[in-house]
Amino acid sequence: MDALARKSEYHTIEDIYALPDGQRAELIDGLIYDMAPPSTKHQRLLNYINTEINLYIRKKSGECEVFPSPFAVFLNKDHANYVEPDISVICDKDKITDKGCKGAPDWVIEIVSPSSKRMDYYIKLFQYRTAGVLEYWIVDYEKDRITVYNFENDEVEEYTFSDTIPVGIYDDFEIDFSEIRLE
């Protein structure tokens with residue numbers, strides 16, 4: 001994802017849908033941010049985390065659903081915000097439509113890429129908190145750090161890739177990052 005907005009003029013979701021096929025971008029407060037293709041490490045992390053969440057939900061016959069990117073999230077139910085989190089967990093089935101998620105997911109995970117640092121650590125952090133996301137994880141393999149924001153309890157915890165991390169929206173679920181193989 002490009003750290004700087006492509007154009008400073010105001011855009012809407014219609015502009016996102018008008019992009020050429022295969023071009024991915026996000027829209028935050030009317031500004032379009034181009035998205036770079038993910039690396040192999042990024043995709044390995046995405047696959048591992050997404051699988052762990054899916055297995056947990058299926059084992060528990062849970063009501064929530066997990067969606068890996070690309071998956072449209074219309075954060076504020078307006079025409080000026082459209083994001084594609086790396087992983088979205090949505091527990092309110094009324095938010096899920098054929099086009100994506102209308103409103104804030106319960107849990108969002110972003111895997112940091114060199115080009116997405118500013119977006120993930122600052123811009124999206126503010127957007128997710130403001131929109132009503134309950135839990136936000138920033139997974140940064142270059143820094144060997146997973147930052148967990150529990151917005152419900154106003155808590156921030158930091159972990160490494162050797163830790164097992166408790167999931168705040170569930171009482172009995174943890175993800176063991178030491179099992180991830182990035183090479």
Residue pair [X] / [Y], side-chain heavy-atom distance below 4.5 Å:
X      : Y      : value
Ile175 : Ile53  : yes
Pro85  : Trp137 : no
Val133 : Gln127 : no
Tyr136 : Val156 : no
Asp163 : Ile146 : no
Arg118 : Ile123 : yes
Tyr48  : Phe177 : no
Ile28  : Met119 : yes

Next on the checklist: Checking Tyr128 against Val73 for the side-chain contact (heavy atoms from CB on, under 4.5 Å) test, could you report, in this order, the C-alpha distance in whole Å, the side-chain angles of both residues, the deciding distance, and whether it holds?
Outcome noted: CA-CA 11 Å; Tyr128 292 149; Val73 173; 5.9 Å; no

Same cluster or not: are [X] and [Y] linked, directly or through other Ile, Leu, Val, Met, Phe, Trp or Tyr residues, by side-chain heavy atoms under 4.5 angstrom apart?
X      : Y      : result
Leu55  : Ile165 : no
Val167 : Tyr149 : no
Leu134 : Val83  : no
Trp107 : Ile87  : yes
Val89  : Val139 : yes

Checklist entry - So, does Asp15 use its side chain to make a donor-acceptor pair with the main chain of Thr12 at under 3.5 Å? => result yes

Checklist entry - Hey, does the side chain of Glu84 reach the backbone of Glu26 with a donor-acceptor pair shorter than 3.5 angstrom? => result no

To the nearest 0.5 Å, how far apart are [atom1] in [X] and [atom2] in [Y]?
X      : Y      : atom1 : atom2 : answer
Glu110 : Thr147 : CD    : OG1   : 13.0 Å
Arg44  : Leu46  : CZ    : CG    : 13.0 Å
Ile111 : His42  : CD1   : NE2   : 4.5 Å
Ile49  : Ile180 : CD1   : CD1   : 5.0 Å
Leu45  : Thr40  : CG    : OG1   : 11.5 Å
Leu27  : Leu19  : CG    : CG    : 9.5 Å

Next on the checklist: Can you confirm whether the side chains of Ser162 and Thr160 place a donor and an acceptor under 3.5 Å from each other?
Outcome noted: yes

Checklist entry - Hey, are Glu157 and Asn150 close enough side-chain-wise for a donor-acceptor pair under 3.5 Å? => result no

Enclosure of [X] [atom1] (heavy-atom neighbours >12, cutoff 6.0 Å):
X      : atom1 : result
Asp171 : CG    : no
Tyr122 : OH    : no
Lys143 : NZ    : yes

Item to check | Intermediate values then yes/no, salt bridge (Lys or Arg N to Asp or Glu O under 4.0 Å), Asp92 and Lys102 | outcome: CA-CA 10 Å; Asp92 181 352; Lys102 299 281 187 185; over 6 Å; no

Closest heavy-atom contact between [X] and [Y]?
X      : Y      : answer
Lys41  : Leu182 : CG-O, 3.7 Å
Val112 : Tyr141 : O-CE2, 3.5 Å
Ser113 : Asp120 : N-OD2, 4.4 Å
Asn81  : Ile13  : O-CD1, 3.8 Å
Glu135 : Val148 : OE2-CG1, 3.8 Å
Ala131 : Ala104 : O-CB, 3.4 Å

Next on the checklist: Using the ring-ring contact (aromatic ring centres under 6.0 Å, His included) criterion, which residues pair with Phe74? Sequence neighbours excluded.
Outcome noted: Tyr82

Item to check | Partner set under salt bridge (Lys or Arg N to Asp or Glu O under 4.0 Å) for Glu142, not counting sequence neighbours | outcome: Lys117

Checklist entry - Please walk me through it: do Asp154 and Arg129 pass side-chain contact (heavy atoms from CB on, under 4.5 Å)? => result CA-CA 10 Å; Asp154 204 26; Arg129 182 181 188 114; 2.7 Å; yes

Expected list for residues 58-71: side-chain donor-acceptor pairs under 3.5 angstrom, two or more places apart:
from, atom 1, to, atom 2, distance (Å)
Lys60, NZ, Asp172, OD2, 2.6
Glu65, OE2, Lys93, NZ, 3.0

